[in-house]
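See below for the structure under consideration.
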Amino acid sequence: MLLSEIAAASEAVAAASARRDKIALLATCLRQAAAGPGADAPVVAAWLSGRTFQRRTGLGWASLRSAPPPAQQPTLTVREVDDALARASLLTGPGSATERQIIVTSLLATATAPEQRLLTGLISGELRQGAAAGLLVDAVASAAAVPLASVRRALAVHGDLPDVAAAALEGGASALAAFQLSVGRALAPMLAAPAPELDAALAKTGPAGVEWKLDGVRVQIHRQGDEVAVFTRTLDDITARVPEVVEAARGLTAGTTIMDGEVLATTATGRPAPFQVTSARVARRDVEKGRAATPLSLTLFDTLHVDGDDLIDLPGSARRARLEAAAPHLVVPRHLVEDPSDAAEVARAQAFSADTLARGHEGVVVKSLAATYTMGRRGAGWVKVKPRITLDLVVLAAEWGHGRRTGRLSNLHLGARDPEGEYGPPGGFVMLGKTFKGLTDQMLAWQTERLRELAERESTWVVHVRPELVVEIAFDGVQRSPRYPAGLALRFARVLAHRPDKPAAQADTITTVRAHHVVEEEDGAVTAHGSEGTEQG
DNA sequence: TTCCGACAGTGGGGTCGCAAT
DNA sequence: ATTGCGACCCCACTATCGGAA
């Protein structure tokens, strides 16, 4: 199959707006890939979902910066391109980066303009065709003429879209049925939808368990005897980096099992360490030293398989019972709410939630007692609730947006007042991070106009403005930063509202921001840096 | 007809290891 | 030794489509 056929399909998908049309175009291309000579279907399925076939190629934005002019005639085949990407992905050691760049450059030089757009989209990970893995699942079902649910289920238990697509196209429903939940093979973890408050969460779930939400790294643990494998949320295998988890898994009473949980670094006093600490430990390759300096603890909150029994189609309450039997010492604490319409019950759940936060955890997850384990979905079965902090900050600059935000000033640079001049001239501002979130199209249009009026100087991407526009910002917390001048940055900042009515002189100060920075002292005591700030929002 | 679930897109902060400088 | 890059970890939110209510 020719690359140009995929490029043409991708262009058509991008041009279509209706999902049905996109799915039909994807399905046609998939059928052609399956019907043609060679085994192009898995690779084509990956590309049509916006990804390279290889999980990691070592290629990214930087390798695309100086693209050669496009070729006039399409000659590249799917096979050739995939082979080239596979070669690039396997390169390692001195000279490998140079060699990878040569591969990319020669690919692009052989590609026509539409093919270059496809290749750069795949390599950068930003194909922007309005279809990704989600729509491709629909397209696979359509192309193979099998029920959508059968494709979804195969994908959920197998985890690999190209494999599932190829099986469906070649063997239809019976081939899909062969994909079964298997201990040792990672599957898409269930996700939680957000809710602003506990009562809203309970309204969604009905009778539920309210659990601690730990601010660590999600792990899916597979154990078969002494064989243990540990996967992350994106199914990355991190077994070698978390020996504590492997040992804990070997200690379970269940000899064959799949468990869902969270790993977390803790301080000497057992309080949760900041996320950055856990993240650094899990990423670290030097496990010996990592473990000595930052041991990890494991907490489990679900189980998908125990000793021959698949549990994913059981209600949450039944899975919890199996979990408690198999791992009583590792189960996450929870509070039961049997009747969400009972105000007294809700109040007790609120108290549990407040206690959870007081212990230093991120929030709570409300889990329906009735819901099955819906893999890879963000349904109403699990709902997370986290506290939110709000501050009024000042826009220092803005960056031009990409994609559908092209031509709009999108990403805002946020600063707090620095009246004492700790980080510059007194009465100035100190940058705490950026945000592009929470903006409606109307807000984008408005701020583009307003910030242009305030513009002081511009570079290619950034418009620096007079610090006059105040924005109300919500965020989850203040974290240590190696990047910003105050050594602090906002976590998950988003815009709630523009405040043109509020003078910058009344915006919040760096002292107020610092008060929200939770610091773990050596003795384990927890203090907010400086005076106590105003919590909640 | 209106509502709501699922998706894609638009990027944020931090950290590591590796190759290049 | 430092810097740049890719690949991960954690994400929030809006617009849109299309089926459900």
Side-chain angles (χ1 to χ4, degrees), chain A residues 13-14 16-23 49-50 55-63 65 89 91-101 123-138 152 191 193-194 196 204 214-219 232-236 238 241 262-263 274-286 290 362 376-380 384 386 388 399 401-406 408 410-414 432-444 474-484 488-496:
Chain A
V13 168
S17 67
R19 281 182 191 159
R20 273 189 294 247
D21 296 345
K22 289 179 189 282
I23 290 166
S49 75
R55 186 182 174 104
R56 59 194 89 179
T57 58
L59 301 166
W61 267 113
S63 67
R65 274 194 298 227
S89 73
L91 287 168
T92 177
S96 61
T98 314
E99 195 61 32
R100 262 198 296 272
Q101 184 63 61
I123 290 169
S124 69
E126 296 181 6
L127 189 54
R128 301 183 210 253
Q129 60 175 10
L135 289 200
L136 198 74
V137 170
D138 283 73
R152 284 216 171 122
L191 306 173
K204 281 191 185 185
L214 305 178
D215 192 11
V217 171
R218 182 85 175 264
V219 285
T232 64
R233 196 167 87 72
T234 54
L235 313 189
D236 203 33
I238 56 164
R241 285 179 263 156
E262 191 96 356
V263 289
F275 171 74
Q276 288 159 303
V277 174
T278 300
S279 178
R281 165 60 215 280
V282 171
R284 195 163 169 179
R285 273 7 188 228
D286 187 341
E362 194 187 8
R377 315 296 287 277
R378 215 176 273 280
K384 58 182 167 181
K386 298 192 281 183
R388 197 182 77 169
E399 297 175 15
H402 300 82
R404 71 185 301 281
R405 291 191 176 188
T406 300
R408 295 284 155 83
S410 171
N411 200 4
L412 303 176
H413 295 200
L414 305 171
L432 292 165
K434 311 177 189 179
T435 185
F436 57 92
K437 294 172 178 155
L439 298 162
T440 64
D441 288 358
Q442 267 194 336
M443 290 164 79
L444 280 165
F475 56 99
D476 280 20
V478 176
Q479 60 188 353
R480 210 184 67 237
S481 170
R483 176 180 319 196
Y484 292 109
L488 298 174
L490 306 181
R491 194 170 181 207
F492 308 143
R494 58 268 193 192
V495 178
L496 294 181

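Both backbone and side-chain heavy atoms feed into the values below; hydrogens, waters and symmetry mates do not. Every chain is numbered from 1 and lettered A, B, ... according to where its sequence line falls, protein lines coming before strand lines. Predicted model, so just to flag it, every value in this text is computed and none were measured.
Between chain A and DNA chain C, the heavy-atom contact criterion of under 4.0 Å yields a 5' to 3' nucleotide range of C/dC5 to C/dG19.
Scored by the side chain to side chain donor-acceptor pair (under 3.5 Å) test, A/Arg405 finds A/Ser410 as partners (sequence neighbours excluded).
For B/dG9, neither phosphate oxygen OP1 nor OP2 lies less than 4.0 angstrom from any side-chain nitrogen or oxygen of A/His402. Look at A/Arg128 and you'll find a side-chain N or O under 4.0 angstrom from OP1 or OP2 of B/dT10. Regarding contacts with the backbone of B/dT15, a side-chain N or O of A/Arg480 is found under 4.0 angstrom from either OP1 or OP2.
Between A/Lys386 and A/Asp215, none of the side-chain N atoms (NZ, or NE/NH1/NH2) sits under 4.0 Å from a carboxylate O, so this pair counts as no salt bridge.
Checked against B/dA19, B/dA8, B/dG17, the side chain of A/Arg285 finds its nearest nucleotide in B/dG17. Side chain of A/Arg19, nearest nucleotide from B/dG12, B/dG13, B/dA6: B/dA6. Side-chain atoms of A/Gln276 lie closest to B/dG14 of the nucleotides B/dA20, B/dG14, B/dG5. Listed nucleotides: B/dG14, B/dG12, B/dT15. Nearest to the side chain of A/Ala280: B/dT15.
Rounded to an integer number of Å, the gap from A/Arg494 CZ to B/dT10 C1' is 16 Å.
Both A/Val277 and A/Ala132 lie near DNA chain B, and the one whose nearest nucleotide falls closer to the 5' end is A/Ala132.
By the 6.0 Å contact criterion, CZ on A/Arg55 is enclosed, its count of non-hydrogen atoms from other residues, nucleotides or ligands being greater than 12.
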In dot-bracket form, how is DNA chain C paired, counting a Watson-Crick or G-U wobble pair only if both its distances are under 3.5 Å and using | for bases paired to another strand? ||||||||||||||.||||||
